[in-house]
Protein chains: 2
Amino acid sequence: MLIAAHWHTHRTTTGLRTVANTDRSPHTPGRPRGREARYGNRPTMKDVAARAGVGLKTVSRVVNSEPGVTPDTERRVQEAIESLGFRRNDSARVLRKGRTASIGLVLEDLADPFYGPLSRAVEEVARAHGALLINGSSAEDPDREQELALALCARRVDGLIVIPAGHDHRYLEPEIKAGVATVFVDRPAGRIDADTVLSDSFGGARAGVAHLIAHGHRRIGFIGDQPRIHTAVERLRGYRTAMRDAGLTVSDDWISLGSTAPERVRSAVEGMLSGPEPVTALFAGNNRVTVTAVRALAGSERRTALVGFDDIELADLLGITVIAQDAAALGRTAAEQLFRRLDGANGEPVRVALETVLIPRGSGEIRPPGGRPDPVTPPVR
Amino acid sequence: MLIAAHWHTHRTTTGLRTVANTDRSPHTPGRPRGREARYGNRPTMKDVAARAGVGLKTVSRVVNSEPGVTPDTERRVQEAIESLGFRRNDSARVLRKGRTASIGLVLEDLADPFYGPLSRAVEEVARAHGALLINGSSAEDPDREQELALALCARRVDGLIVIPAGHDHRYLEPEIKAGVATVFVDRPAGRIDADTVLSDSFGGARAGVAHLIAHGHRRIGFIGDQPRIHTAVERLRGYRTAMRDAGLTVSDDWISLGSTAPERVRSAVEGMLSGPEPVTALFAGNNRVTVTAVRALAGSERRTALVGFDDIELADLLGITVIAQDAAALGRTAAEQLFRRLDGANGEPVRVALETVLIPRGSGEIRPPGGRPDPVTPPVR
DNA sequence: CTGAAAGCGCTAACAG
DNA sequence: CTGTTAGCGCTTTCAG
């Protein structure tokens, strides 16, 4: 049915939509419940052709700005288009042409401030290539990721950018073989060989932890996301490597992987700060963890050092030292690779790792109790 | 062409895609450059039917879980589907059914932390109704808004949610008449009567400014977004009303509307804090302004009070008093209204205004110099 | 320069 | 329970 009746007050008197299709008998097979129920009775090229007194193909030519139409004919067609309020049905066009000029993006959560800029960057690249973006959130659920990705394939998106939630992407093999270009971002694909764009989680975490060590810390905690998430594991590996490189032994009590729910992170922080040998510094595995860790530390009387993975808005004012990755660059790089494939590139799968940057802002330069006095500027710049 | 060659190493040996269509002569009219060029040579229901030795419609029944198929037949069809890697082409389905099960969302910038949660909320409602979400950013450009909205209509989205950049939406009239349900969010539609979901910008700003006045301020500055943006004007109106209600005269120097670019906001802040009669408090018109204002104030020796419109992550730790609006509720409410229309509701256009909440965190409770000492808890809670 | 005919892959209607 | 036919609105091919 759709919306209709309450628009009465704003109906114009230009005679829009008063021309009806007349060539359809009431009970032809293949005809749904009357034309009125479909697309709200939209005019088609056929209607435009009839109104303009030209052939169907001529209308098509005008609509698509193809050459070979007399200026006069074109004008007549344009008039018919406008008076009927015609708009080309891209669904039909897609069916015929085989390309949808749209790409799909499966990410974790559009509301996460990390994915907004990534998505926007993908959108801009898509726009530059004349494509629309359909995106969906997997909510970190592998089943939902698959459901979404396949739904996008059923819509026949030309390409797919996936931030994996799951670890087995063989379900995409038929799609990829059928020609759906696919690029994985932020995390690698599972059990499938494909273009991938990542940030250097390992290197970033190692650098962040090394930074804490350089400032005198020996007991450093690591709080990260769930261990089934690739970046969480990589960052933990970076942590372990930095510790080992410095000849430091890691206690199991200093490592906590799990949900990024505030309660979980908060109790992890509290656990590491209490006990006989509390940590003097924390490494937070991602933006969600950092936010909660900062809140937890703000309520503590001890000055605990902190370095977080991912930059956060206002982190500068709070003096939070971070390992920043460029979410927009991640999205842009992935999208560019996708369109390179769509434009015919067919070499081996490409693997890109983007550098991270350590931004010292104070919290990562706090020295441990008993260490030399802090030589760095205070937290709030 | 699409991606293909480099997948060789992962080709399985299950015989996928070895069954070809055989009923197409090489030079039939209407045939594009050979079937291989289309959808990367995907199997169709016809192919599945041939493989399973059943009729086309039976395949359709199985694919759509329609009743009336023998378990045995169904199994044979399922096998054919799997061995061929068939996936229904929703483009064709859409063309036939007239519904795309997708909705469009035109917003300003997906990278803005205000719109991420809004978009996610819309997505969740759409998902509950079995629809996908296509979204695009207008970048605050009316032409781009129109281009996007119409592109979505050409894809025949069932409904459209628009955060207007422009002020004239008559261009949507033919679409709406043709049955595209349309809801405007965050800002009202221009020159058209339509469902609208807003936050109470006027009331929120008035309450925020009244809060500052109640804490002893008499000279209060307002820094807002560009005057062509509805919310900016409404919030300014709230500011003026609160001032007038308190019997305070407003100096032109205390009001600055314009771009939210950091340089612009920063110089506005500096301007209001200098001169013979500097303001003692600031009202920031949105999240972008607040962020820059906080940065600017952090570099000043004077303690200036601040209330910002929109909540911001970490604002709690920085002790920033805000007028919070619920972006997710905005999106959810709009999407629910949209689906109500799609489900047949056809009353008069609905207008919803969501309440805002003042969250005192310290910055809005700072008293002016010379005023009574601050009776409120210190900034960081 | 213009148009008629075929058909993209699917579903609705109808007939066995 | 199953299959055949028509046609959604468009683009392609090819013939005027």
Side-chain angles (χ1 to χ4, degrees), chain A residues 21 23-35 37-39 41-50 52-64 66-74 76-77 86-100 154-156 178, chain B residues 21 23-35 37-39 41-50 52-74 76-77 86-100 154-156:
Chain A
N21 297 309
D23 55 340
R24 289 174 174 93
S25 54
H27 286 297
T28 322
R31 192 163 179 282
R33 299 150 295 164
R35 191 162 194 280
R38 321 212 43 257
Y39 295 131
N41 200 14
R42 269 173 172 280
T44 72
M45 281 192 182
K46 197 172 175 180
D47 300 323
V48 174
V54 301
L56 179 57
K57 178 63 202 179
T58 301
V59 176
S60 176
R61 286 199 180 92
V62 172
V63 168
N64 297 298
E66 284 169 24
V69 181
T70 313
D72 181 60
T73 311
E74 172 161 3
R76 290 217 321 284
V77 172
F86 168 81
R87 184 161 327 278
R88 183 180 66 196
N89 184 334
D90 279 354
S91 296
R93 174 169 225 246
V94 154
L95 180 59
R96 193 62 239 242
K97 298 201 75 140
R99 281 282 193 117
T100 56
R155 305 282 168 118
R156 295 295 188 266
Chain B
N21 296 309
D23 56 339
R24 290 176 174 91
S25 54
H27 286 297
T28 323
R31 192 163 180 280
R33 298 151 293 165
R35 190 160 193 280
R38 321 212 44 257
Y39 296 131
N41 199 14
R42 269 175 174 279
T44 72
M45 281 193 183
K46 198 171 176 181
D47 299 324
V48 174
V54 300
L56 179 58
K57 179 66 200 179
T58 301
V59 177
S60 175
R61 287 198 180 92
V62 172
V63 169
N64 297 298
S65 312
E66 283 170 25
V69 181
T70 312
D72 181 59
T73 311
E74 172 162 3
R76 290 215 323 283
V77 172
F86 168 81
R87 184 159 328 277
R88 183 181 66 197
N89 184 333
D90 279 354
S91 296
R93 173 168 226 245
V94 154
L95 180 59
R96 191 65 238 240
K97 298 202 76 141
R99 282 279 193 118
T100 56
R155 305 280 168 120
R156 292 299 187 266

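Atom set for the values below is all heavy atoms of this structure, side chains included, hydrogens, waters and symmetry mates excluded. Within every chain, numbering begins at 1; the chains are lettered A, B, ... in the order of the sequence lines, protein sequences first and strands thereafter.
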Interatomic distance where [atom1] belongs to [X] and [atom2] belongs to [N] [whole Å]:
X	N	atom1	atom2	answer
A/R61	D/dC10	CZ	P	15 Å
A/E66	C/dG3	CD	P	14 Å
A/D90	C/dG9	CG	C1'	17 Å
A/L95	C/dC8	CG	P	9 Å
A/K46	C/dA5	NZ	C1'	12 Å
A/L56	C/dA5	CG	C1'	11 Å
A/R156	C/dG9	CZ	P	9 Å
B/K97	C/dC10	NZ	C1'	10 Å

[N] OP1/OP2 closer than 4.0 Å to side-chain N/O of [X]:
X	N	result
A/S91	D/dC10	no
A/S60	D/dT11	yes
B/T73	D/dT2	yes
A/T58	C/dC1	no

Exercise for the section: Just do the side chain to side chain contact (heavy atoms under 4.5 Å, CB included) check on A/N89 and B/R156 with the steps written out, would you? Expected result: CA-CA 7 Å; A/N89 184 334; B/R156 292 299 187 266; 3.6 Å; yes

Exercise for the section: Classify the nucleic acid contact of A/N64 as base, sugar-phosphate or nothing, counting any heavy atom under 4.0 Å across all strands shown. Expected result: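 Result for A/N64 = sugar-phosphate.
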
Practice task
Select base, sugar-phosphate, or nothing to describe what A/R88 touches, counting heavy atoms under 4.0 Å on all strands.
Solution key: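 Answer is sugar-phosphate: A/R88 comes under 4.0 Å of backbone atoms only.
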
Problem - Given D/dC1, D/dG9, D/dG3, the nucleotide with the shortest approach to the side chain of A/N89 - result: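 My answer, after comparing the listed nucleotides, is D/dG9.
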
Problem - Among C/dT2, D/dG9, C/dA4, the nucleotide that comes nearest once only the side chain of A/K57 is considered - result: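 Looking only at heavy atoms from C-beta outward on A/K57, the closest nucleotide is C/dA4.
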
About how many Å separate [atom2] of [Y] and [atom1] of [X], when rounded to the nearest 0.5 Å?
X	Y	atom1	atom2	result
A/R88	A/T44	CZ	OG1	14.0 Å
A/E66	A/K57	CD	NZ	4.5 Å
B/R87	A/R155	CZ	CZ	13.0 Å

Practice task
Applying side chain to side chain contact (heavy atoms under 4.5 Å, CB included), run through B/R61 and B/T73 and close with a yes or a no.
Solution key: CA-CA 11 Å; B/R61 287 198 180 92; B/T73 311; over 6 Å; no

Problem - A/A92 or A/V54, whichever maps to the more 5' nucleotide of DNA chain C - result: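 The 5'-side residue here is A/V54.
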
